[in-house]
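Worksheet: one structure, shown below.
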Amino acid sequence: RVEARWGERLRTMNLGLQRDGVLYLLSLRLLPVIPFVAVNLLSGLTRVPTGTFFLVSALGMLPATVLYVNAGVQLAQAESLQSLLSAQTLAALALLGVLPLVAARLRKKSV
(Lines give C-alpha, C1' and ligand atoms only; values in the text may rest on other atoms or scores of the structure.)
Protein backbone atom coordinates (compact mmCIF):
# COMPACT_ATOMS: atom_id res chain seq x y z
CA ARG A 1 0.00 0.00 0.00
CA VAL A 2 2.78 2.41 0.94
CA GLU A 3 4.75 1.50 -2.18
CA ALA A 4 1.70 2.11 -4.35
CA ARG A 5 1.34 5.63 -2.99
CA TRP A 6 5.00 6.62 -2.58
CA GLY A 7 6.54 4.21 -5.08
CA GLU A 8 8.79 6.66 -6.94
CA ARG A 9 10.30 8.15 -3.79
CA LEU A 10 10.76 4.73 -2.23
CA ARG A 11 12.32 3.41 -5.44
CA THR A 12 14.97 6.15 -5.35
CA MET A 13 15.62 5.53 -1.67
CA ASN A 14 15.83 1.77 -2.17
CA LEU A 15 18.37 2.18 -4.99
CA GLY A 16 20.56 4.30 -2.70
CA LEU A 17 20.20 1.80 0.11
CA GLN A 18 21.13 -1.10 -2.16
CA ARG A 19 24.31 0.72 -3.07
CA ASP A 20 25.31 2.19 0.33
CA GLY A 21 22.64 0.93 2.73
CA VAL A 22 24.87 -0.62 5.36
CA LEU A 23 26.94 2.56 5.64
CA TYR A 24 23.85 4.77 5.86
CA LEU A 25 22.21 2.61 8.48
CA LEU A 26 25.43 2.39 10.50
CA SER A 27 25.78 6.18 10.33
CA LEU A 28 22.21 6.67 11.52
CA ARG A 29 22.85 4.37 14.46
CA LEU A 30 26.17 5.99 15.44
CA LEU A 31 25.01 9.58 14.93
CA PRO A 32 21.95 10.22 17.08
CA VAL A 33 20.46 12.72 14.63
CA ILE A 34 17.23 10.85 13.90
CA PRO A 35 15.46 9.05 16.77
CA PHE A 36 15.93 5.29 16.62
CA VAL A 37 12.18 4.69 16.43
CA ALA A 38 12.00 6.80 13.25
CA VAL A 39 14.92 4.87 11.73
CA ASN A 40 13.14 1.62 12.59
CA LEU A 41 9.88 2.73 11.00
CA LEU A 42 11.51 4.14 7.87
CA SER A 43 13.66 1.05 7.45
CA GLY A 44 10.49 -0.99 7.41
CA LEU A 45 9.54 0.83 4.20
CA THR A 46 12.75 -0.17 2.47
CA ARG A 47 14.05 -3.44 1.10
CA VAL A 48 16.91 -3.73 3.59
CA PRO A 49 16.99 -7.41 4.65
CA THR A 50 15.93 -7.98 8.26
CA GLY A 51 19.16 -9.79 9.14
CA THR A 52 21.29 -6.96 7.76
CA PHE A 53 19.15 -4.40 9.58
CA PHE A 54 19.53 -6.28 12.86
CA LEU A 55 23.30 -6.83 12.62
CA VAL A 56 24.13 -3.30 11.50
CA SER A 57 21.81 -1.82 14.13
CA ALA A 58 23.33 -3.91 16.90
CA LEU A 59 26.85 -3.02 15.80
CA GLY A 60 26.00 0.66 15.43
CA MET A 61 24.26 0.99 18.80
CA LEU A 62 26.84 -0.99 20.79
CA PRO A 63 29.44 1.79 21.27
CA ALA A 64 26.86 4.29 22.50
CA THR A 65 25.30 1.68 24.79
CA VAL A 66 28.67 0.95 26.39
CA LEU A 67 29.35 4.67 26.85
CA TYR A 68 25.89 5.36 28.33
CA VAL A 69 26.25 2.48 30.78
CA ASN A 70 29.74 3.65 31.76
CA ALA A 71 28.53 7.23 32.27
CA GLY A 72 25.58 5.97 34.34
CA VAL A 73 27.86 3.89 36.55
CA GLN A 74 30.17 6.84 37.10
CA LEU A 75 27.25 9.14 37.97
CA ALA A 76 25.68 6.53 40.28
CA GLN A 77 28.92 6.23 42.22
CA ALA A 78 29.14 9.98 42.82
CA GLU A 79 28.68 10.73 46.49
CA SER A 80 29.24 14.47 46.39
CA LEU A 81 29.48 17.37 43.99
CA GLN A 82 33.25 17.05 44.03
CA SER A 83 33.09 13.39 43.01
CA LEU A 84 30.87 14.39 40.07
CA LEU A 85 33.85 16.31 38.76
CA SER A 86 36.21 13.36 39.01
CA ALA A 87 38.37 12.46 36.04
CA GLN A 88 36.49 9.22 35.45
CA THR A 89 33.07 10.89 35.39
CA LEU A 90 34.24 13.73 33.15
CA ALA A 91 35.95 11.24 30.81
CA ALA A 92 32.77 9.15 30.56
CA LEU A 93 30.69 12.21 29.70
CA ALA A 94 33.32 13.51 27.26
CA LEU A 95 33.35 10.18 25.42
CA LEU A 96 29.58 10.46 24.99
CA GLY A 97 30.09 13.85 23.36
CA VAL A 98 32.98 12.73 21.18
CA LEU A 99 31.33 9.58 19.77
CA PRO A 100 29.09 11.40 17.26
CA LEU A 101 32.05 13.52 16.11
CA VAL A 102 34.20 10.43 15.53
CA ALA A 103 31.36 8.73 13.67
CA ALA A 104 30.87 11.78 11.46
CA ARG A 105 34.58 11.95 10.70
CA LEU A 106 34.68 8.25 9.79
CA ARG A 107 31.66 8.70 7.55
CA LYS A 108 33.34 11.59 5.70
CA LYS A 109 36.45 9.51 5.11
CA SER A 110 34.46 6.58 3.74
CA VAL A 111 32.44 8.69 1.29
Side-chain angles (χ1 to χ4, degrees):
R1 219 171 153 185
V2 173
E3 275 192 44
R5 180 170 169 93
W6 302 99
E8 188 59 38
R9 289 183 183 172
L10 285 175
R11 191 173 306 115
T12 304
M13 190 169 66
N14 279 324
L15 288 174
L17 286 171
Q18 284 176 351
R19 190 178 57 245
D20 301 316
V22 171
L23 179 63
Y24 286 138
L25 183 57
L26 187 61
S27 297
L28 288 172
R29 294 302 191 190
L30 285 171
L31 299 169
V33 177
I34 299 174
F36 287 158
V37 69
V39 174
N40 295 343
L41 291 172
L42 292 173
S43 294
L45 298 176
T46 67
R47 297 195 186 273
V48 174
T50 304
T52 301
F53 175 80
F54 173 77
L55 290 174
V56 172
S57 293
L59 179 67
M61 291 186 287
L62 183 63
T65 301
V66 170
L67 292 177
Y68 281 118
V69 168
N70 182 36
V73 167
Q74 296 303 322
L75 291 173
Q77 291 176 351
E79 296 174 357
S80 67
L81 185 58
Q82 186 176 7
S83 64
L84 275 177
L85 300 176
S86 71
Q88 291 172 330
T89 303
L90 293 177
L93 295 173
L95 285 172
L96 279 173
V98 170
L99 179 65
L101 300 174
V102 171
R105 172 90 33 153
L106 291 174
R107 181 158 180 358
K108 279 186 180 179
K109 285 185 178 184
S110 67
V111 173

Between [atom1] on residue [X] and [atom2] on residue [Y], distance to nearest 0.5 Å:
X   : Y   : atom1 : atom2 : answer
L75 : Q88 : CG    : CD    : 12.0 Å
L62 : L67 : CG    : CG    : 9.5 Å
T89 : Q82 : OG1   : CD    : 11.5 Å
L25 : L55 : CG    : CG    : 10.5 Å

*Might you point out which heavy atoms bring A92 and A71 nearest each other, and give the distance in Å?*
CB-CA, 3.8 Å
*Answer with yes or no whether the hydrophobic clustering places M61 together with F53; edges join I, L, V, M, F, W, Y residues whose side-chain heavy atoms lie under 4.5 Å apart.*
no
*Look at the side-chain heavy atoms of Ile, Leu, Val, Met, Phe, Trp and Tyr, link any pair under 4.5 Å apart, and say whether V98 and L90 land in one connected group.*
no
